[in-house]
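Chain identifiers are assigned alphabetically (A, B, ...) following the order of the sequence lines, protein sequences preceding nucleic acid strands; residue numbering begins at 1 within each chain.
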Amino acid sequence: MTVRVRFAPSPTGYLHVGGGRTALYNWLFARHLGGVFVLRSDDTDTERNTPEYQTDILDSLTWLGIDWDEGIGAGGPHGSYRQSDRSARYRQVAESLVASGAAYYDGATPTQIEAIRVEAEAAGASPVYDGRHRLSAAEAAARIAAGNPPPVRLAVPRPGETRFVDVVRGEIVFSHDNVDDFVMLRSDGSPTYHLASTVDDVDYLITHVIRGEDILPSTPKHILITEVMGGVRPEYAHLSLLNGPDGKKLSKRHGDTAIRAYRDAGFLPGAVRNFLAILGWSPGDDEEIVSLETMIERFDLGAVSRNPAVFDIAKLEWMNGHYLRAMPAAEFVAAALPIVESDLGRTLTVAESEAFGAVAPLVQERAKRLTEITPQVRFLVEEEIAYDPASWDKVMTTIEAGAALDGAAAALESLDVWSVTSVEAALRGMLEQTGLSAGKGLQPIRVAV
RNA sequence: GCCCCCAUCGUCCAGCGGCCUCGGACGCCGGCCUUUCAAGCCGGAAACACGGGUUCGAAUCCCGUUGGGGGCACCA
């Protein structure tokens, strides 16, 4: 049987680095096994969805080098792969589950739900709704006829439990005492996430659901729906979440969380992809710079770490620098030139491009990000030279600065020919005379120049 | 309050009962190289959360404690 996985983001924000990692793991898993990677859009939240986010998610995945075999924009046998186009199907499933007795129309008011919560808390129990206010067929029919349809809830078997073996976490058991009769179909006829997502997984014949740990507690609901639908239960794998340096969930206050922000900050897609792959998974040996081919060849869901991982920007920067240095010179220039031009606000002349090409290998050695290049080459193309007051002060206020400068001036004045070798010889002579070290004596000259 | 997950250096990963006085990477510190800064090379500090078991033997298995994370909507 061919493996089928899916990545199903909601277009309610830019693609998050955590989402990027989830997508990557799904993709690696599929590629490793020769399976099918489906991209679906869980866009049932019409209030928060935007086309801009939808576009960003697609662009970010593509930038990371993740392609999909089926789904949004790629087509496939299951329609548009957008949940917003499938409301009729979700409603149909909900109604058939009501007909079979697996679900019911519910009449609980918010006040009643709240009362149950308070009661449970007082008793030290889980605040679960158990269906005590379900409507009879006649009552439900009356409300539907009156244009005031009730929501549909799943009748969770009580007592009972749902158990499954999570591919990364092992056996997991949830007592139904902690799973409530959740809403599947809202009173306005729209599906909730649990219904839509599960129906899609069943309809699209998904074999492995690989997603964030944040939805681990919802998994029994999804398994229950799958079973009453008569669907085949997929394998589940819940990935640990990404944290900030303080151990808290990675969020804006820790820095950038969107994949696009890293692209804009001058990171290479290969480096980001490598970093994300290694964050929670190891190819086995001690090597951490790993090629795409190796990743695909060795990826193993069962070997994925259960620990929450801290997103360490410093390591990403190191890795990006490594990838930058590993690029062939021409490729580096090709990647850097557009950014330099964009920073400068104009295109470079042929001569300038050539000058840039000549110094590029020098900056390639020391840049950690593509965005660090422009400041280093600006002097090549601008008449006005800006200097950094901080470094000026730091060097020029040293007691050796005056002697170094005077000595250098004298030494250079006496030169007939200015060449690399003659200038160097003159300056070395100056160092000799003044007794200054290379660092103390040459740095002021460098800054002055 | 209730439920679930997690627990090896500051951070990520390796270790899946003896090969461990725990290995690698980033970061940090020191040195070498070097006309700066990087890069590179060499070296160093740095961890099995705690308490009980199981076992001839535990970082590895079990239980508890503590700590951290996630979830408990007609949001996804």
Side-chain angles (χ1 to χ4, degrees), chain A residues 8-13 42-45 47-49 83 106 108 110 113 117-118 120-129 150-153 166 168-170 172-175 177-180 182-194 196-197 211-220 238 240-241 243 245-249 275 278-289 303 305-319 321-322 324-325 362-368 372 376 391 395 423-424 427-428 431 437-447:
Chain A
S10 294
T12 54
D42 281 16
D43 58 349
T44 51
D45 187 353
E47 296 287 305
R48 298 193 295 152
N49 293 334
Q83 297 191 328
D106 187 53
I113 299 279
R117 216 210 82 237
V118 170
E121 187 148 330
S126 279
V128 305
Y129 176 63
V152 174
R153 287 179 184 268
D166 189 285
V168 340
R169 279 155 212 290
I172 300 201
V173 184
F174 283 94
S175 162
D177 289 346
N178 303 307
V179 180
D180 66 353
F182 58 97
V183 171
M184 296 195 298
L185 199 68
R186 301 184 187 104
S187 45
D188 67 359
S190 67
T192 59
Y193 161 73
H194 302 302
S197 176
R211 52 168 37 164
E213 191 190 356
D214 51 337
I215 28 201
L216 180 55
S218 294
T219 304
H238 289 91
S240 61
L241 269 17
N243 290 153
D246 58 357
K248 305 289 184 193
K249 186 175 180 173
F275 177 69
I278 287 306
L279 199 57
W281 173 72
S282 163
D285 50 29
D286 283 336
E287 199 49 57
E288 299 205 311
I289 299 292
S305 172
R306 289 170 293 281
N307 295 15
V310 171
F311 189 85
D312 182 8
I313 273 263
K315 187 155 185 174
L316 208 209
E317 293 202 306
W318 161 78
M319 192 170 274
H322 178 94
L324 238 25
R325 272 172 260 122
L362 267 26
V363 338
Q364 182 174 6
E365 278 302 303
R366 59 209 76 203
K368 281 193 161 73
E372 290 170 355
Q376 296 188 39
S391 67
V395 172
V423 169
E424 180 172 352
L427 292 180
R428 286 207 180 276
L431 287 181
S437 69
K440 295 283 190 193
L442 264 15
Q443 188 63 5
I445 297 166
R446 190 178 305 280
V447 172

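With distances taken from any side-chain atom of E365(A) to the nucleotides C6(B), C3(B), A38(B), the minimum falls on A38(B). Here G24(B) is the nucleotide among C4(B), A39(B), G24(B) with the atom lying nearest to any side-chain atom of E288(A). Between G24(B), C2(B), C5(B), one nucleotide has an atom nearer to the side chain of N178(A) than all others, and that is C2(B). For R306(A), counting side-chain heavy atoms from C-beta on, the closest listed nucleotide (C6(B), C12(B), C4(B)) is C6(B). Distances from the side chain of T192(A) to the nucleotides C74(B), A7(B), C37(B) place C74(B) closest. In the set A76(B), C26(B), A14(B), the nucleotide with an atom closest to the side chain of S282(A) is A14(B). Checked against C74(B), A7(B), A76(B), the side chain of S187(A) finds its nearest nucleotide in C74(B).
A25(B) is paired with U11(B) under the Watson-Crick or G-U wobble criterion, all donor-acceptor distances under 3.5 Å. The partner of C72(B), taking Watson-Crick or G-U wobble pairs whose two distances both stay under 3.5 Å, is G1(B). Across all strands shown, A38(B) forms no Watson-Crick or G-U wobble pair with both key distances under 3.5 Å. With a cut-off of 3.5 Å on both Watson-Crick or G-U wobble distances, the partner of U54(B) is given as none.
For R366(A) (side chain) and L362(A) (main-chain N/O), a donor-acceptor pair under 3.5 Å exists by modelled atom type. Side chain of S305(A) to backbone of N307(A): a donor-acceptor contact under 3.5 angstrom is found. A donor-acceptor pair under 3.5 Å links the side-chain atoms of Q364(A) to the main chain of L324(A), judged by distance alone.
Computed from coordinates, the Q364(A) CD to A38(B) C1' distance equals 13 Å when rounded to whole Å. Atom CG of D286(A) and atom P of G15(B) are 10 Å apart (whole Å). In this entry the distance linking CD1 of I289(A) with P of G40(B) reads 10 Å, nearest Å. Look at CH2 on W318(A): it is 16 Å from C1' on A38(B), rounded to the nearest Å. Nucleotide C74(B) holds its P atom 14 Å from the CG atom of D45(A), rounded to whole Å. In this structure, L279(A) places its CG atom 12 Å from C1' of C26(B), rounding to the nearest Å.
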(request) Would you sort out whether R211(A) and H238(A) count as a side-chain contact (heavy atoms from CB on, under 4.5 Å), showing the intermediate values? (result) CA-CA 5 Å; R211(A) 52 168 37 164; H238(A) 289 91; 3.0 Å; yes
(message) Is there a side-chain contact (heavy atoms from CB on, under 4.5 Å) between T44(A) and S190(A)? Walk through the geometry before answering.
(response) CA-CA 8 Å; T44(A) 51; S190(A) 67; over 6 Å; no
(request) List the steps, then state whether side-chain contact (heavy atoms from CB on, under 4.5 Å) holds for D166(A) with T219(A). (result) CA-CA 10 Å; D166(A) 189 285; T219(A) 304; over 6 Å; no
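Among the atoms of the strands shown, only primed sugar atoms or phosphate atoms (P, OP1, OP2) are found under 4.0 Å from some heavy atom of G280(A). Nucleic acid contact class of F182(A) (heavy atoms, under 4.0 Å, all strands): none. Nucleic acid contact class of H238(A) (heavy atoms, under 4.0 Å, all strands): none.
At least one side-chain heavy atom of P11(A) sits less than 4.5 Å from a side-chain heavy atom of N49(A).
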(message) Strictly under 4.0 angstrom, non-hydrogen atoms only: write out the protein contact profile of nucleotides 67-73 of chain B, one letter per nucleotide from the 5' end, B, S or -.
(response) -SSBS--
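Mapping R325(A) and E287(A) onto RNA chain B by nearest heavy atom places E287(A) at the nucleotide closer to the 5' end. Nearest-nucleotide mapping onto RNA chain B: of S126(A) and L316(A), the residue sitting toward the 5' end is S126(A).
For T44(A) and A76(B), the shortest distance from a side-chain N or O to OP1 or OP2 is below 4.0 Å.
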